[in-house]
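From a predicted model like this one, the values you see are computed outputs, not experimental measurements. Chain naming here is simple, since letters A, B, ... match the order of the sequence lines and numbering starts at 1 in each.
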Amino acid sequence: MENGKQGGNSLADEVLTVVAVIPRGKVATYGQIADLAGHPGASRSVGRALQTGHHRADFPRHRVVNSSGRTAPGWGAQRDLLEAEGVTFKENGCVDMAKHAWSGPSGT
DNA sequence: AGACTGACGATCC
DNA sequence: GGGATCGCCAGTC
């Protein structure tokens with residue numbers, strides 16, 4: 001059951017899969033990814049999974065922001081990457097979640 | 001095996 | 001609405 005999409009993957013591995021399905025020009029929160037990954041509440045581990053688990057260079061990890069729409073600290077390039085995809089930022093430096101909040105894999 | 005840390009979230013002021 | 005504090009989960013040392 002459970003088809004062959006997964007197979008005993010750890011949180012980090014599923015997180016990568018979830019983030020990979022985020023459409024361009026959209027952004028998702030760590031909590032949302034954690035939930036989709038099957039680990040609700042593990043938002044903290046999600047961030048670490050992306051930080052330490054940077055496997056692919058084409059991986060859209062810059063589409064992952066916190067609940068405030070804030071980009072990752074110490075990562076100034078994230079904002080530039082999102083703007084390049086059409087994502088707009090506010091003066092306070094937060095992503096316009098009101099327009100770019102990802103609805104999930106079912107809300108494409 | 002155990003303890004600390006951390007790219008967060010929610011709640012309180 | 002913004003800022004600060006506590007709590008939760010899993011990974012890394």
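- For the contact set between residues 83-99 of chain A and DNA chain B, defined by any heavy atom under 4.0 Å, there are no members.
- Annotation: the span from A:L82 atom CG to A:T88 atom OG1 amounts to 10.0 Å, rounded to 0.5 Å.
- Of all non-hydrogen atoms in A:W102 and A:V18, the two that sit nearest each other are CH2-O, 4.1 Å.
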Show me the donor-acceptor pairs within less than 3.5 Å that the side chains of residues 34-46 of chain A make with the rest of the protein, sequence neighbours left out.
none

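- At a non-hydrogen distance threshold of 4.0 Å, A:N66, A:S67, A:A72, A:P73, A:W75 from residues 64-78 of chain A come into contact with DNA chain B.
- Chain A approaches DNA chain B over the interval B:dT5 to B:dG9, counting the first and last nucleotide 5' to 3' with an atom under 4.0 Å from its heavy atoms.
- Scanning for salt bridge (Lys or Arg N to Asp or Glu O under 4.0 Å) contacts around A:K99 gives A:D96, with sequence neighbours left out.
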Letter per nucleotide, 5' to 3', of nucleotides 6-13 of chain C [B base touched, S only sugar-phosphate touched, - untouched; heavy atoms, 4.0 Å]: -BBBBBS-

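- With values rounded to the nearest 0.5 angstrom, A:I33 atom CD1 is found 11.5 Å from A:T17 atom OG1.
- For A:D80, there are no side chain to side chain donor-acceptor pair (under 3.5 Å) partners two or more places apart in sequence or in a different chain.
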Hey, can you pull the donor-acceptor pairs under 3.5 Å for the side chains in residues 60-75 of chain A, sequence neighbours left out?
| unit_1 | atom_1 | unit_2 | atom_2 | d |
| --- | --- | --- | --- | --- |
| A:H62 | NE2 | A:E85 | OE2 | 3.2 |
| A:R63 | NE | A:E85 | OE1 | 2.8 |
| A:R63 | NE | A:E85 | OE2 | 3.4 |
| A:R63 | NH1 | A:I22 | O | 2.7 |
| A:R63 | NH2 | A:E85 | OE1 | 3.3 |
| A:R63 | NH2 | A:E85 | OE2 | 2.8 |
| A:N66 | OD1 | A:S68 | N | 2.9 |
| A:N66 | OD1 | A:G69 | N | 3.1 |
| A:N66 | OD1 | A:R70 | N | 2.8 |
| A:R70 | NH1 | A:N92 | O | 3.0 |
| A:R70 | NH1 | A:G93 | O | 2.8 |

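- Between A:L81 atom CG and A:Q78 atom CD the span is 7.5 Å, to the nearest 0.5 Å.
- Sorted pairs that involve residues 23-32 of chain A and meet side chain to side chain donor-acceptor pair (under 3.5 Å), not counting sequence neighbours, are lacking altogether.
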